[in-house]
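We use all heavy atoms of the structure for the numbers below, so side chains are in, but hydrogens, waters and symmetry mates are not. Residue numbering restarts at 1 for every chain, and letters A, B, ... go by the order of the sequence lines.
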4 protein chains.
Amino acid sequence: LADDGTVVIPGAASYNGLNLVPQMGWDNWNAFGCSVNESLLLDTAQAMVDYGLRDLGYNYVILDDCWSIGRNASGYQVPDPVTFPNGMKYIADHLHSMGLKFGMYSSAGLFTCGKRPGSLGYETQDAEFFAANGVDYLKYDNCFNQGQSGTPKLSFDRYNVMSQALNATGRPIVYSLCNWGDDNPYDWAYTISNAGRMSGDIYDSFNRPDDRCPCTVNPCNWPGFHCSVLNILNKMAPIQSRTMSGYFNDMDMLEVGNGGQTDNEYVTHFSMWAMMSSPLLMGTDVVGLSPANLAIYSNPAVIALNQDPSAAAGSRIWRHECNDTDQYGQCEQSLWMRGLKNGDTVIALINGANSTQTMNASLSDIFLDARTAGTSKPAAQLEEMWDVYDLWANRMSNEEAAAILARNSTTAPAVITANSTSTTRYNTTAMSYADGLKANATALFGKKVGSVPAHGTWTASIPRHSTGLYRLRMAGSGGMGKRDEL
Amino acid sequence: LADDGTVVIPGAASYNGLNLVPQMGWDNWNAFGCSVNESLLLDTAQAMVDYGLRDLGYNYVILDDCWSIGRNASGYQVPDPVTFPNGMKYIADHLHSMGLKFGMYSSAGLFTCGKRPGSLGYETQDAEFFAANGVDYLKYDNCFNQGQSGTPKLSFDRYNVMSQALNATGRPIVYSLCNWGDDNPYDWAYTISNAGRMSGDIYDSFNRPDDRCPCTVNPCNWPGFHCSVLNILNKMAPIQSRTMSGYFNDMDMLEVGNGGQTDNEYVTHFSMWAMMSSPLLMGTDVVGLSPANLAIYSNPAVIALNQDPSAAAGSRIWRHECNDTDQYGQCEQSLWMRGLKNGDTVIALINGANSTQTMNASLSDIFLDARTAGTSKPAAQLEEMWDVYDLWANRMSNEEAAAILARNSTTAPAVITANSTSTTRYNTTAMSYADGLKANATALFGKKVGSVPAHGTWTASIPRHSTGLYRLRMAGSGGMGKRDEL
Amino acid sequence: LADDGTVVIPGAASYNGLNLVPQMGWDNWNAFGCSVNESLLLDTAQAMVDYGLRDLGYNYVILDDCWSIGRNASGYQVPDPVTFPNGMKYIADHLHSMGLKFGMYSSAGLFTCGKRPGSLGYETQDAEFFAANGVDYLKYDNCFNQGQSGTPKLSFDRYNVMSQALNATGRPIVYSLCNWGDDNPYDWAYTISNAGRMSGDIYDSFNRPDDRCPCTVNPCNWPGFHCSVLNILNKMAPIQSRTMSGYFNDMDMLEVGNGGQTDNEYVTHFSMWAMMSSPLLMGTDVVGLSPANLAIYSNPAVIALNQDPSAAAGSRIWRHECNDTDQYGQCEQSLWMRGLKNGDTVIALINGANSTQTMNASLSDIFLDARTAGTSKPAAQLEEMWDVYDLWANRMSNEEAAAILARNSTTAPAVITANSTSTTRYNTTAMSYADGLKANATALFGKKVGSVPAHGTWTASIPRHSTGLYRLRMAGSGGMGKRDEL
Amino acid sequence: LADDGTVVIPGAASYNGLNLVPQMGWDNWNAFGCSVNESLLLDTAQAMVDYGLRDLGYNYVILDDCWSIGRNASGYQVPDPVTFPNGMKYIADHLHSMGLKFGMYSSAGLFTCGKRPGSLGYETQDAEFFAANGVDYLKYDNCFNQGQSGTPKLSFDRYNVMSQALNATGRPIVYSLCNWGDDNPYDWAYTISNAGRMSGDIYDSFNRPDDRCPCTVNPCNWPGFHCSVLNILNKMAPIQSRTMSGYFNDMDMLEVGNGGQTDNEYVTHFSMWAMMSSPLLMGTDVVGLSPANLAIYSNPAVIALNQDPSAAAGSRIWRHECNDTDQYGQCEQSLWMRGLKNGDTVIALINGANSTQTMNASLSDIFLDARTAGTSKPAAQLEEMWDVYDLWANRMSNEEAAAILARNSTTAPAVITANSTSTTRYNTTAMSYADGLKANATALFGKKVGSVPAHGTWTASIPRHSTGLYRLRMAGSGGMGKRDEL
């Protein structure tokens, strides 16, 4: 039995017992591509520790493509001796000693996307290599797959070989598929992996349509790449139910910090990746982070949403196209909601119009699912008053972030210690998000900015290309609250 | 030879000889989800008997997901000892003793949708379990199917394993597929099963588009869930010919009673499920039914349409979008028709506009198929006068329904006895619908409300989000009538 | 070498050497469905002889579904002893003695569409049955195919089994697939069969969209049925190149005579089936044909187009939707062209508007392919003057047709003898269409109604829902003409 | 290591080491179809030498379909003894002696498209035949493929058989797939071949939609044929990343010279085939080339773009439909860009409107990818001034071309010798394009026509149905320039 009394069948909650909430960390690809080496990884790791990012939960350091120069006579991969002179185990040991975990990369094909050796046909050797080198995480790509695709079965069978090989090593390794939504992994990968990409590669744009990312919905017959934040987000709408504890739909690495979007756009990007339980993998130059971007990556109230034990993706309640279009001719607005483990509900109002707009979210819309869930009774949620907490209201100031980035232990000592009283910082190494949420840790709940009465509507003014992200908490002694207290 | 003189090849009419008309009953999922236990089933069964529902034909009591906690060393499933302390055979015996039948659930995957053990790879053990426990019906889901889909062949082969396993038990078990229309079961499941879902899961909404149910037509490449009544109905239009005696396209369990729709909307929902020969599986809290909803579930004239020996789905003659939109921006109107075994024809006029509308159905439209059937003669039906019977005109009053719900044998004694003279009640335990139709049982024909002359048009005022459901019967001594009398 | 000097690889021109031009004949399904018996076949055959239809080339008498009542202990099918008391060989012998050929029917599935025994798994026995009973033609359907579809390979493999079985009998049997375009037979069936349906079933309507025939283009993911004449025609546009001598894209049986269309609509239907080299299978009650419909079926100039040795389908040059819509909201106009073996070119101007329209066909449009064929020279065809022959101008009068239908040898003696001088009748038993075309047989060329000068345009007034069908013949001593004379 | 220091895995850059830049040459199909013979090939080859085309890089002479008349008893193909009286080795030897290479053709099916013997099942014999006859290149078609398609795997497996067979011969043979984009070869063919067609066959039209080429985007479920230049070009947009050194997406043979397009349209056609790294295969009557068309085929600045060692396809930055439509109702404008090996960037402004238009390309658009590449810094390219070179400004005059076509060694001696100083001619036999680009060979860079300042926009007046093709070179001593000089 699970701790909430529900029955758990062996293997049913995560195929290998890992990744019960979305993985967090850093992957070098978005910012560095093939320009990888030992010092990039170790310097970044140090910055993650120093900036408090590790203690916020960003604990995987993932080396992406371009580390291998071939196979030896036994079929094992050979790391590039120039860029990784001390080998991979050396890096893994260092990371482990820093309280971090090590991720590596390969492809379920003849080559990786960067044309290094792929693992197709070498799954056993490569899994052994990863295990022997202390690897904790595998990102597994889809390039040069020898045409072994076209039905879910063909892709499942191909990805399952590595799943079995990883299991056979005995080492716990998070297995993250990167097949871009091809053949609908969200429909079959849960039983063999811990996460799976559900779209073509992201690029650092809020909403610009790109001809290389032709689909706007899932399923998609050509994943492409250069997919914008809103493109990927909207592809989550039809598949949101396929996100579960142990398997997360991966919306791709975060672009926050890479310079292609405004601060409001990055806030939207980070908010919605959190809302949808996407993995949160920083995809930028961490060492050189700006204060504003550190503040985004460091918002504990938003990370707590992402790491909520509910481990589910939000639902899109409505989406409208609009007339106040931007330079790319785009204008859309939408409302998303997600119920959390403790009974709170988070809503996101996205304003993709070209100017500030007043937006409304009625309880009737927010609690649509409860209203139509077959209970034959009116939704109790509509009868409650809800307090509204803005999850961005306590965003760390740029001054505070700058102090942290200065790595000055005098001015920024609180990074790794403050937990219970800080509004801007959190240390999950000390107390998990699940426990912090139970304990009502201040930093995890944003700031109360108002209430919605029973049957009421929340109204907010949302800037251009931004998002209002609110946690609704039941106010006072409502009937529902009583029931939840039982 | 069949009783109408046609040749019947062994196996051609129902692969296992069962389910020649659509199954009726109750399934707990829509209203109770995983909150299942012995008393829910037995209490509901008792209510079905007491309220006359059993005798109206609702004879399957179906336990959906979440009854199993694993497998024993022999690979057989273990029912939850907390919720089902007396095991499954105990429930089956009770139900059988009440004149009811017992349905259970599993999935053609590694897990069920609720992450209990799935039957993939355990089909033999599970079929034996069901047979040994007196199960009469299996609902067989599609979750966690290990990617064994993508072509009709892959799905057929997977579902066929359980079909063969059920047959091998020797026990007659209705086999009902629940793969949401994936890989077009309406095109291949007839020879291995008795029914098959043709869409993603229903939710309790008349016509609200939901982003989680992205398709509006069949075939559909992502079934989704949260599909509205009209969404599902319209997906039947292109596949209606694939409904046949022995295999019914399952439009999912009824939401009547769950509170998300108006009375008129529920009338439409129930009417069209009957019209399309969908299984009629109550999906609500039967014990706590309201009088109005009991009246809907209990309309013998509509049930007789569903249970007509023609065992076919209606055809959509036309559908128009319109301008009088509702709060979801929806407006559509449509005309459906279906020929019955005795020569009657039923039409349905659906008004999905936001206000009452006058709607027309010409004989030319209604008898389109006869007009274009290659007979090289004008359709005889257009030359006839037709009497029009409103199938909802004799709907049971709320007072009568309330009396039944009170289970007061003094005020509601007629529930299980009245047949030949009642206009509101029927007892199929005493006389089958087929026989009742032959005998012109009053309750099965609604109330005559007018006539349509040869080449004429039926005109009716249909309220917002409602349906006019009419049985057209040939008037007097027309040429067609004479022919039929031969 | 072929007679035109081109190289022919064994098997390349028709997989079995049969059906080098489209098959012609009669199939009972459209008009009689399952109401089949010996006398229907023999009476119809006699009428085909008496009405001159056999001598026009309609030589296959095809018994469709519903002739079998099961299999015997050896697995061979058993014809219905009531409807076919003398067995099938008796019918074959009779038909052969009348100069006709015998076609039968089965399905590549567990059952036929009418739920009689299907041939899947019994291909050898059934092929032997057909050969032993003197069958010359097999229509092979797609019902109840056990999900063996979803890729071209799955369908090819299934249909190939019967192809091999038929070949193994040693009897020449035309093999005609009826899988409704499923899995694109036009892309793979050429090497294993002689014809293949490319759409869902036709119904007797010119252009009414029907919800049961959801696609308007090919490829189509749900063939459906109840497809109108224009629906099917337009589905030929993208696949026209896949019609070849030995394999014809079957647009389904003709509805001419069944009462659902106007005379002009039937003229369009017949014209375009001829234009596209579809099989010409009468689908009506031949015995009771009206004079007007006999006149349509009997137009030798149109049949000669169909039977032209070019054995190719026409191309759609353009199609426009228009505003003058009919009762179904439809309006379209199109121009089609087809080059013939002798250098003539046929054009069809279809007016799907609701009133008579003036339509134009420029030589530049008509000879588009020649203009863009990579010759690096202007199309010689544009420099020529072309005489225009109306292929319907010599349509048999209703009086003449009535005399034939009266089977009065005094008033209608010319039916089976006239050839060289008649403008309305032709006897292909005496002289093939190929030879008649070489010999400039009067009846095969319609009537000259004008000319188009070099670079000119043909203009015609086309009635509502009708078609102008014209054969363009080079006028006088043009340069092209000279070249052709070499 | 590659010469730029990057790691190269064996097989990763071209599966067989061949075709590192797009193949160039001539294929007879577009202009001659099945009318092939020895003298056509040898006469064309001589013209290619005489006109300087060989020395511009057009070195493959490809014999397309219709050369075989069957197989001998050993299963080897037999060339047509009438059209190829001296056999194939004779031709190969002649071509080799002229400094040219020999390409031949077959199909991965039972027959070729022209119904000659196909190689399916005979891959070993046919590969041996090609190798034994000195063949350097195989075009491998898709006709009559026995339904072995429908998933990437089915097509991959079928085409891989020939790939392995060619490898087994030991002779270097460029392997070029011609399966029309069926099953998305751009997604899987890289590891088994050197090029692959990505659309249905081209026809000699700039932008006319043809019903036989139904798709306008990739992936496409029915390739069709008769696809216009813009149709094919636009299908490249979503798949451009799948063009790589060693595997090129083949946009089909060039129509320049065949008479169906204006000079501006041919310029667009040739420009964009070069821009997209499509193979450049002349598809016209080379012997009879006009001066204008020779000038197009001979533009060294455009060929150098095609042969750039970057070996990649351009990206479509934007495409707009417009209102100034032509006779086919078409109007579109687009901007494309491509980065080259030496740091230059080429842009193409396509004006598909019906009149001359002023078009703009901002640096912000041109360097979109750099702006959004995750570098967390502004794109350095926007800070630079760029000199703009018009790649068509130095187009050879018709007078110069006429002199070449006259094969008069007195008036046109420069054809095969001029390299370093000519603006209109180039000899890649003497110096490769890669070396010529490094050496700043005059003819490869067009003519400077202006500059764009930092953050500026290039504006040009583009005629109807034409293209501005510009090479942007960094001006002076910018920061980026300095970096590149290291």
Side-chain angles (χ1 to χ4, degrees), chain B residues 1 5-13 15 149-160 183-192 217-221 234 236-242 244-246 315-320 334 336 364 368-379, chain C residues 29-34 66 68-71 80 82-83 109-112 114-118 142-151 154 182 202-205 208-215 221-222 224-226 228 253 255-261 283-285 288-290 293 328-329:
Chain B
L1 294 192
T6 58
V7 173
V8 177
I9 305 302
Y15 93 103
S149 68
T151 62
K153 178 167 175 47
L154 287 167
S155 287
F156 178 94
D157 288 351
R158 179 162 48 94
Y159 279 97
N160 193 24
D183 289 334
N184 311 353
Y186 29 88
D187 207 25
W188 47 258
Y190 175 85
T191 57
I192 60 169
V217 293
N218 263 337
C220 167
N221 67 351
N234 285 324
M236 281 295 291
I239 63 168
Q240 65 81 227
S241 71
R242 303 306 169 91
M244 312 179 200
S245 182
S315 300
R316 193 172 69 191
I317 302 296
W318 50 254
R319 174 179 179 265
H320 305 135
S334 56
W336 302 70
S364 176
L368 165 78
D369 284 2
R371 282 198 293 121
T372 57
T375 59
S376 73
K377 298 185 186 64
Chain C
W29 183 260
N30 282 5
F32 298 94
C34 273
C66 304
S68 169
I69 58 165
R71 294 187 181 277
D80 188 325
V82 176
T83 50
L110 191 59
F111 305 120
T112 68
K115 293 192 185 158
R116 305 309 173 95
N142 193 32
C143 283
F144 301 107
N145 64 27
Q146 304 286 78
Q148 293 186 21
S149 68
T151 61
L154 288 166
D182 210 19
I202 196 171
Y203 85 124
D204 192 10
S205 170
R208 178 184 169 277
D210 190 293
D211 290 331
R212 290 163 287 190
C213 179
C215 297
N221 67 352
W222 185 254
F225 69 118
H226 264 240
S228 73
M253 298 167 290
E255 293 282 5
V256 177
N258 287 331
Q261 304 182 51
T284 193
D285 175 11
L289 263 183
S290 72
N293 291 320
Y328 300 120

Proximal component of C:Arg208, with respect to chain B [non-hydrogen, under 4.5 Å]: side chain
B:Ala189 versus chain C, heavy atoms under 4.5 Å apart: side chain, backbone, both or neither? neither
Are the side chains of C:Thr151 and B:Lys153 in contact, using a 4.5 Å heavy-atom criterion? no
Which atoms of B:Asn184 approach chain C - backbone, side chain, both or neither, heavy atom under 4.5 Å: side chain
Tell me, do B:Thr372 and C:His226 make a side-chain contact under 4.5 Å, heavy atoms counted? yes
So, the part of C:Ser149 with a heavy atom under 4.5 Å from chain B: the answer is both
Determine the minimum heavy-atom distance between C:Trp222 and B:Pro238, stating which atoms define it. NE1-O, 2.9 Å
Look up atom CD1 in B:Ile317 and atom CG in C:Asp211, then write down how far apart they are to the nearest 0.5 Å. 8.5 Å
Under 3.5 Å side-chain donor-acceptor pair for C:Arg212 and B:Ser315: yes
Please round to the nearest 0.5 Å and tell me the distance separating atom CD1 of B:Ile192 and atom CZ of C:Phe144. 13.0 Å
Which distance, rounded to the nearest 0.5 Å, do you find between the CZ of B:Phe156 and the CD of C:Gln146? 3.5 Å
CG of C:Asp210 to CZ of B:Arg316: how many Å apart, nearest 0.5 Å? 9.5 Å
Nearest 0.5 Å please: distance from the CD atom of C:Gln148 over to the CG atom of B:Asp157. 8.0 Å
Euclidean distance, C:Asn258 CG relative to B:Lys377 NZ, rounded to 0.5 Å: 9.5 Å
When the 4.5 angstrom heavy-atom criterion is applied to C:Phe32 and chain B, the contacting part is neither
Pairs of heavy atoms under 4.5 Å with chain B: top-ranked of C:Pro214, C:Gly288, C:Gly257: C:Gly257
Write down the atom of C:Asn221, the atom of B:Pro219, and the distance for their closest heavy-atom approach. O-CG, 3.6 Å
Looking at C:Gly224, C:Gly147, C:Pro209, which has the largest count of heavy-atom pairs under 4.5 Å with chain B? C:Gly147
Kindly state whether the ring of B:Trp318 and the ring of C:Tyr328 have centres lying under 6.0 angstrom apart. no
